[in-house]
Every structure is written in structure tokens, then in C-alpha cells.
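All remarks here apply to the structure that follows.
Just follow the structure's listing: the first ligand is 1, and inside any ligand the first atom is 1. Just so it is clear, the structure is predicted and the values come from calculations on it, not from any experiment.
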Amino acid sequence: MSLRPLCYSHSQTVLIDVNAFKAKKELKPQEGRDHWHGAFVKMPCSEHSMYTKKSMVGKDYIMSDSVRRWESIKKKLSRLSKEPSVTDVEEAIKKYNPAYKDEWSFDALHEFYKNSPKDKRDCSRTLGKIAELAVSLPDVCRMAIPLLRQGHNHSITLSQKQIACLLANAFYCTFPNRNTTKQHSEYSNYPDINFSRLFGQYSERKHQKLQTLFHYFRTVTEACPRGLVTFERRHLTEQISWQHCNDTISKLHVQSDGTIETEGEGMLQVDFACNLVGGGVLGNGLVQEEIRFLINPELIVARLFTEKLGDRDCLRITGAQRYSCYTGYSDSYRWTAPYIDNTERDEWMRLRTEIVAIDALKFQNPSEQFNMGSVTRELNKAYCGFYEDCGTHPDYYTPIATGNWGCGAFHGDPRLKALIQIMAASKAKRGIVYFTCKDHALEKEIREMHCFLTKQRVTVGRLYGVLTLYCQKYSQGERQSLYDFVYNKIMGTARKAMTS
Ligand code: AR6
């Protein structure tokens with residue numbers, strides 16, 4: 001499958017110089033203007049980013065001065081020694097975020113440093129290098145970064161170096177207007193990006209997160225990979241009439257061992273997302289999405305510009321590199337070793353790793369999901385993530401690597417979610433590889449159901465009809481196994497057709 005040439009367009013922003021890229025020269029940032037308004041990321045180095053500095057004159061007279069915030073950031077970060085202590089880092093960050101001086105705690109960072117598995121010197125050196133990288137922002141990102149807003153289809157392509165520099169700024173909490181996500185604040189509809197939350201409230205989870213992210217920063221500050229990454233926000237405009245969908249069921253492979261990120265190599269890999277992408281990666285969360293964002297930290301930069309996903313939106317990320325190996329999950333998550341990502345690159349120098357963030361519905365009470373409003377919402381969401389619009393023949397579509405989407409923290413039913421994903425994939429004409437995460441019974445049930453649906457040549461529309469009936473009965477208080485119901489209904493119709 002060959003890509004169209006990399007270029008700017010009304011729906012694609014490219015933060016590197018495309019002509020230099022095409023001429024195979026060194027990657028250069030694209031020159032452009034700063035925009036200090038609602039459609040773009042407000043950059044820490046913008047000349048519009050100001051803060052009020054108060055100073056005492058005499059005994060009680062306070063002078064207020066409006067000063068450029070970047071000047072203060074640059075001064076503080078450049079003055080850090082090559083090997084600063086965590087106390088130096090804390091002091092610097094609080095200096096240009098004075099409103100949070102008493103609110104932010106850095107105990108997790110202090111503890112991490114104290115218990116640093118490698119030597120403390122290495123940790124300090126990395127802190128120094130991250131500061132150096134953060135200060136290079138005006139040279140590395142020279143044009144405004146658009147926000148990926150709700151209802152808009154837009155993509156941003158940037159270099160791994162640019163991402164590293166933006167993440168170094170996030171680490172040093174330099175992004176203006178991003179320290180509160182309170183209702184009605186400017187960025188209340190965006191995930192947080194400054195790392196302040198990661199640094200407080202020490203726990204083993206925080207320790208492991210810091211270890212994983214320090215490994216990333218150590219790697220990119222030693223030798224930054226030379227490639228690009230694309231973040232594409234997609235909004236599904238098509239109104240799908242699921243009950244009339246004539247597509248038959250796609251191919252499926254189901255297995256109980258393996259993970260999406262490892263065994264799903266080369267496939268479209270599903271991120272079981274939060275509508276604020278990355279979920280709790282900078283806080284306490286440590287399940288599928290957060291782990292993915294930690295081992296492929298370039299994903300974290302999506303939080304800078306991706307507005308909360310709506311019901312018909314998704315975010316596709318192409319080219320995010322994996323840097324870490326891990327074991328465990330949630331409280332047992334542990335960073336284990338560097339990961340050498342040997343994935344090949346495409347014509348845009350992006351690793352051929354495609355991830356799609358789709359957020360399932362969160363059910364307080366699991367019984368809420370058996371209604372067709374929720375089922376249809378999930379079908380549209382999954383389809384938005386799965387469909388291709390690149391003009392390639394479906395034979396060349398990569399399969400979808402997925403699993404129990406929405407069935408952990410979000411309390412969905414894996415049997416229903418498997419059917420929903422199979423239906424959405426079938427409409428998108430893609431196969432599925434489904435990882436049941438060690439659940440052997442589920443593996444067997446999904447495989448048998450898929451075999452049955454295929455043999456009976458059931459269409460997506462027919463299955464939608466059966467789910468509608470099931471939900472009707474459910475709302476009338478009838479409780480029966482979903483899969484038994486599907487078998488009975490479809491067999492019943494088949495028998496009727498045979499005898500009439
Ligand atoms: N590969 C395959 N399957 C997996 C993997 C993996 N690497 N990891 C987990 N599973 P969950 P959700 C299976 O709870 O319910 C986050 O905070 C495993 O069976 O992460 O959609 C997000 O930011 C697990 O129980 O997804 C959201 O806020 C199941 O997938 C929220 O959680 C669900 O994983 C999303 O919750």
C-alpha cells in the first residue's frame with residue numbers, strides 16, 4: 001500500500017519542512033507564526049505568554065510587572081546545573097508556576113530519586129538533559145500547533161524530536177493555562193499535559209511510571225530517533241443504518257495469550273481509551289491505555305492538542321515508537337528493560353505502528369449496556385476507529401488487534417463487546433485478531449459464535465436485529481445468556497426458512 005506524498009493541506013498540518021524532507025535532507029522544523037488564540041496550542045515560548053511578577057519596593061510597596069513567562073522559564077532551566085537535584089527542579093518549576101507553589105507536591109519525584117535503581121547521578125543527568133531539551137523549544141517547533149477539536153477531521157504530523165521537546169516542556173510544566181482543568185477553564189475539555197500530577201503522591205505505581213518515562217527521556221536525549229508521527233482526529237459523519245447493513249461477518253482469530261501491542265504487530269491496534277486520551281497516565285491510572293502511553297510515550301503528546309473525544313470521534317496515531325518492556329498490570333506493573341523497536345518505517349518515515357484510541361461507554365451498572373442506544377453508540381465508535389478511507393482495496397487492509405474493549409475499568413460485557421467489534425469490523429471490511437487476556441472460556445465462546453455466524457451467513461443487519469430483540473426482552477426483565485439467545489434466534493429463523 002503506497003502513501004500519497006507528505007504535504008500540507010487544509011486538513012493536515014505538518015510541523016517539519018516538507019521540501020527538505022522530500023529532498024531527503026536533515027529534518028528541519030517548518031517556519032511559521034505563533035498564534036495565541038483558541039484554535040491553537042498556547043506555547044510556553046509565545047511572546048503573549050505573560051505573568052505578573054510582584055516585587056517589594058521599600059517596606060510595603062509592591063510593584064507588579066508583566067514579564068514574559070518564557071524568559072523566566074529559560075532563565076530557570078538554563079541555570080540548572082548539568083546534574084540538578086530534584087529540589088532544584090522543584091524550585092525551578094514553582095518559580096514560573098507561582099500560583100501552585102503551595103499546592104503541588106513533588107514527593108513522588110523525590111522518592112523516585114532516592115530509590116533510583118540506577119545511580120542517582122544518572123537520574124540527575126537525565127533531569128539536566130530534559131531541561132536542556134525543553135529550552136530548545138523555540139528552535140525545534142517554529143509554527144503554531146492546531147488543536148484537534150471536536151467535530152473536525154484534522155491531522156498533525158511532527159518529528160519524534162519535536163515530540164521529545166514538547167514532552168520535555170510537559171515534564172517541566174511550562175505549558176501556559178494548562179494547570180487547571182476546572183469547569184469553564186480554557187482547557188477544561190482537554191486532558192492535562194503538564195506533569196505536575198505525576199510528581200506528587202508517591203506510590204509504587206508512580207515509581208514505575210517515572211522509571212518508564214525516565215528511560216524514554218534518557219533514550220531520546222542520548223540519540224533521538226529520526227522519524228515522524230501522525231496524530232489524526234476523525235469524526236464519523238456518515239449516518240449508518242445498522243439494521244440494513246448487508247455485510248457478512250469478517251474473519252476472526254481469537255487467542256487467550258498475547259497482547260495487542262506485542263502479538264498485534266503490524267495490525268491496527270486498539271487503545272481502550274478514555275475520552276480524554278491517555279486517561280490517568282499522569283495520575284494513578286495504570287491499565288491498558290496508560291500502559292500503552294508509558295511504553296510508547298510519544299502518545300502522551302496527544303494530550304496537548306486533542307480535545308475530549310465525542311461519541312463519533314476517534315484518534316489514530318501512526319508511528320509512535322515503543323521504548324520499554326514491562327510485566328504485570330495495574331499495581332503489579334513493573335518496567336523491566338529497554339525495548340528495541342525494529343518496526344520498519346513507511347514513506348513518511350513513520351514506524352508502521354498504527355494505534356487507534358476509541359473510548360467505550362463507562363457503565364456504572366453493567367445492566368445499562370443492554371439497550372440499543374448504547375449498542376449503537378458503541379458500534380459507531382468502533383466503526384469510526386476501524387474504517388479506512390485511503391482508497392486502498394479492502395484486501396490490503398490490516399486486521400484489527402483488539403480484545404476486551406470497555407470491559408475492565410468501564411465494566412462492559414466482553415461477550416456483547418466482542419459482537420459489537422465484530423460487527424463494526426465487518427462493516428469496515430477488516431478482519432479481527434481478538435486477545436482475551438488469559439480467559440480461555442471467553443476465547444472458546446467467541447470462536448464458536450463466530451464460526452456459527454459465518455456458517456449461517458448472518459449479516460451485520462440481521463445480528464443487529466437479534467440484539468434489538470435481546471435488549472427488548474432485557475428491558476422487560478428477562479435475563480438469559482446473550483449467546484444462547486443469538487443461537488436460538490438465528491437457528492429458529494433458519495429452521496423456519498427450511499420448513500416453509
Ligand atoms: N492486550 C490485550 N488485552 C488487554 C491488554 C493488552 N495489552 N490490557 C488489558 N487487556 P481496560 P476499559 C484487557 O480496563 O474497560 C483507562 O483508565 C483486559 O481483559 O484498560 O475500556 C482508560 O484511560 C482488561 O480487563 O479498558 C479509560 O479511562 C480489558 O482489556 C479506561 O481505563 C479492559 O482494559 C478504559 O477502560
Query raised in the report: Is the count of non-hydrogen atoms from other residues, nucleotides or ligands lying under 6.0 Å from Glu238 atom CD greater than 12?
Result: yes

Query raised in the report: Any nitrogen or oxygen of Thr436, main chain or side chain, under 3.5 Å from a nitrogen or oxygen of ligand 1?
Result: no

Query raised in the report: When only distance counts, is Gln288 in polar contact with ligand 1, meaning an N/O pair under 3.5 Å?
Result: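 Yes: some nitrogen or oxygen of Gln288 is under 3.5 Å from one in ligand 1.
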
Show which atoms of ligand 1 fall inside a sub-4.0 Å distance from at least one heavy-atom site of [X].
X      : value
Cys407 : 15 (O)
Ile260 : 1 (N), 2 (C)
Glu289 : 22 (C), 23 (O)
Gly279 : 23 (O)
Ala409 : 14 (O), 15 (O), 31 (C), 32 (O), 36 (O)
Cys437 : 3 (N), 4 (C), 10 (N), 13 (C), 18 (C), 19 (O)
Gly408 : 14 (O), 15 (O), 25 (O), 33 (C)

Query raised in the report: Is a side-chain donor-acceptor pair under 3.5 Å present for Gln472 with Gln476?
Result: no

Report task. Check Glu261 against ligand 1 and report side chain, backbone, both or neither, counting heavy atoms closer than 4.0 Å. Result ->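 Only the side chain of Glu261 comes within reach of ligand 1.
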
Query raised in the report: Where's the contact between Glu290 and ligand 1, heavy-atom distance under 4.0 Å: side chain, backbone, both or neither?
Result: side chain

So is [X] actually on top of [Y]'s ring, under 6.0 Å and inside 45° of the axis?
X      : Y      : result
Arg322 : Tyr339 : yes
Arg316 : Phe231 : no
Arg234 : Tyr387 : yes

Out of [options], whose heavy atom sits nearest [atom]?
atom                    : options                : value
atom 19 (O) of ligand 1 : Asn404, Ile295, Ile291 : Asn404
atom 34 (O) of ligand 1 : Trp405, Tyr329, Phe363 : Tyr329
atom 30 (O) of ligand 1 : Phe435, Phe272, Phe410 : Phe272

Query raised in the report: Does Ala360 have a heavy atom less than 4.0 Å from any atom of ligand 1?
Result: no

**Report entry** Phe272 ring center near Phe410 ring center (under 6.0 Å)
**Finding:**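 No, they do not, as the ring centres are separated by 6.0 Å or more.
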
Query raised in the report: Between Phe217 and Tyr323, does the ring centroid distance fall short of 6.0 Å?
Result: no

Query raised in the report: Do Thr336 side-chain atoms and Cys325 backbone N/O form a donor-acceptor pair below 3.5 Å?
Result: yes

Report task. Measure up the Tyr487 and Phe452 rings against each other and bin them: parallel (under 30°), tilted (30 to 60°), perpendicular (over 60°). Result ->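 It falls in the perpendicular class, over 60°.
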
Requested in this report: For the residue pair Tyr100 and Trp104, categorise the inter-ring angle as parallel (less than 30°), tilted (30 to 60°) or perpendicular (more than 60°).
Outcome: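 Ring orientation of Tyr100 relative to Trp104: parallel.
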
Report task. Could you tell me the residue and atom name of the protein heavy atom closest to atom 32 (O) of ligand 1, and the distance to it rounded to 0.1 Å? Result -> Val287 CG2, 3.5 Å

